[in-house]
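Beneath this line is the structure, given in structure tokens, with notes to follow.
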There are 2 protein chains.
Amino acid sequence: MKNRNTKQKQMILDTLKKDHNHPTIQELFEQIVAQEEVGQATVYRNMSRMVEEGLVNKIAMPNGVDRYDADLSNHYHLVCRKCGRLMDIFDDKLPERLMKIEKDKHIQIDNTSILLEGICSDCLKKEE
Amino acid sequence: MKNRNTKQKQMILDTLKKDHNHPTIQELFEQIVAQEEVGQATVYRNMSRMVEEGLVNKIAMPNGVDRYDADLSNHYHLVCRKCGRLMDIFDDKLPERLMKIEKDKHIQIDNTSILLEGICSDCLKKEE
DNA sequence: ATAATTATTGAGAACAGTTATCAATAAAGG
DNA sequence: CCTTTATTGATAACTGTTCTCAATAATTAT
């Protein structure tokens with residue numbers, strides 16, 4: 001008798017799945033509270049549990065608060081220092097290289113987080 | 001008349017350079033205070049400035065407090081979930097791949113942080 | 001169905017790490 | 001030296017997160 005399904009938990013996951021902007025917990029909380037009564041402790045609790053369960057990914061940000069991502073596909077992120085957005089970066093060769101490292105260095109890699117800091121393509125275009 | 005040299009600032013940088021365990025600010029503070037009078041606000045202030053100046057790297061940890069690194073060479077990190085240590089990972093092919101991504105995606109990458117989570121070679125050996 | 005059990009919730013207190021405040025100190029330059 | 005002003009140290013304030021605990025509600029047993 002563990003890990004019950006509650007409407008709050010479902011609401012939190014649904015909200016994150018719809019939000020493709022890698023929201024913080026506070027941002028998630030605001031969206032959810034607008035639709036339904038939820039305590040923010042509940043959002044914190046469920047988020048960390050869902051991260052443990054692998055339902056959701058946490059993105060540790062260099063200067064600030066963690067962000068969350070319901071997209072579990074193998075991808076990376078770029079935080080743009082112009083517009084501040086966190087963009088998805090997909091690349092199929094990077095995982096191969098990481099597997100090579102895993103073998104060469106005799107380590108076991110369970111999770112990879114790659115955070116690039118720089119300027120996104122949109123902002124680069126505008127600069128010209 | 002900006003950016004003066006103080007003995008505190010020097011002390012902080014020296015201490016970080018000697019500590020190869022990617023200490024947190026609190027850990028740094030304890031080491032420094034043992035030798036000399038320093039306020040912890042001073043350590044916080046100088047660390048964030050030194051990160052801005054590029055003298056030092058900040059490592060955003062997934063579950064917890066940021067760690068710092070005075071080794072500016074191009075390398076990555078593995079946090080071991082057995083021993084908890086943060087190990088350096090050097091690989092010369094990864095930067096090439098990232099430069100390829102930079103070109104392909106039309107983005108500008110100023111900084112790359114790669115944090116692998118898993119088990120270090122020492123702990124893997126012990127497990128057998 | 002109904003009752004019993006217990007995981008989950010919500011509100012707020014507590015906590016940890018970090019930043020801001022401000023008078024005192026001490027670098028840097030004249 | 002003397003002046004200027006960046007930096008320091010102590011502490012208060014702040015922010016994001018976790019903890020506490022009684023109330024609630026999801027599951028299991030009756």
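Chain A is the first sequence line, chain B the second, and so forth, proteins listed ahead of strands; every chain is numbered from 1. This structure is a prediction, so every number in the text was calculated from the model and none was measured.
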Legend entry - A/T6 side-chain N/O to C/dT9 phosphate OP1/OP2 under 4.0 Å: yes
For residues 117-127 of chain B, which side-chain donor-acceptor pairs fall under 3.5 Å, sequence neighbours excluded?
unit_1: B/D122; atom_1: OD2; unit_2: B/R85; atom_2: NH2; d: 3.1
unit_1: B/E127; atom_1: OE2; unit_2: B/K82; atom_2: NZ; d: 3.1

Legend entry - A/T42 backbone acceptor or donor facing A/N46 side chain under 3.5 Å: yes
Legend entry - Exercise: do B/Q8 and B/E36 side chains pair donor with acceptor under 3.5 Å: no
Inset, instruction - Round to the nearest Å and state the distance from A/I25 atom CD1 to D/dT15 atom P. - result: 17 Å
Legend entry - d(CD1, A/I12; P, C/dG10) in whole Å: 8 Å
Inset, instruction - Check every atom of C/dT9, D/dT7, D/dG9 against the side chain of B/K9 and return the nucleotide holding the closest atom. - result: D/dT7
Legend entry - Global bending angle along the helix from C/dA1-D/dT30 to C/dG30-D/dC1, which compares the axes of five pairs at either end, to 10 degrees: 40°
Legend entry - Among C/dA27, D/dT17, D/dT11, the one nearest B/A41 by side-chain distance: D/dT11
Inset, instruction - Evaluate the ring planes of B/H77 and B/H22, with Trp represented by its six-membered ring, and classify them as parallel (under 30°), tilted (30 to 60°) or perpendicular (over 60°). - result: perpendicular
Inset, instruction - Grab the CG-C1' distance between A/L13 and C/dT8 for me, whole Å please. - result: 17 Å
Legend entry - Short side-chain N/O contact to C/dT18 OP1/OP2 from B/Y44, under 4.0 Å: yes
Inset, instruction - Can you tell me the distance, in whole Å, between the NZ atom of B/K7 and the P atom of D/dT8? - result: 9 Å
Inset, instruction - Answer with base, sugar-phosphate or nothing: what part of the nucleic acid does A/E37 contact at a heavy-atom distance below 4.0 Å? - result: sugar-phosphate
Inset, instruction - Look at the side chain of A/R4 and the base of C/dT6, then say whether one donor and one acceptor between them are separated by less than 3.5 Å. - result: yes
Inset, instruction - Nearest whole angstrom, please: distance from the P of C/dT19 to the CE of B/M47. - result: 12 Å
Inset, instruction - Looking only at non-hydrogen atoms, find the nearest pair between B/F90 and B/D71 and report the distance. - result: CZ-OD2, 3.9 Å
Legend entry - A/R67 CZ to D/dT17 P, straight-line distance once rounded to whole Å: 11 Å
Legend entry - B/N5 side-chain N/O to D/dA6 phosphate OP1/OP2 under 4.0 Å: no
Legend entry - Rounded distance (Å) that lies between atom P of C/dG17 and atom CD of B/Q40: 10 Å
Inset, instruction - Determine, step by step, whether A/V43 and A/M47 satisfy the side chain to side chain contact (heavy atoms under 4.5 Å, CB included) criterion, reporting the C-alpha distance in whole Å, the side-chain angles of both residues, the deciding distance to 0.1 Å, and the verdict. - result: CA-CA 6 Å; A/V43 185; A/M47 287 308 293; 4.1 Å; yes
Legend entry - Verdict with reasoning, A/Y68 to A/V51, per side chain to side chain contact (heavy atoms under 4.5 Å, CB included): CA-CA 9 Å; A/Y68 293 85; A/V51 170; 3.7 Å; yes
Inset, instruction - Starting from the 5' end of DNA chain C, give me the residue, B/V65 or B/Q8, whose nearest nucleotide shows up first. - result: B/V65
Legend entry - Interatomic distance where CG belongs to A/N46 and C1' belongs to D/dC19 [whole Å]: 16 Å
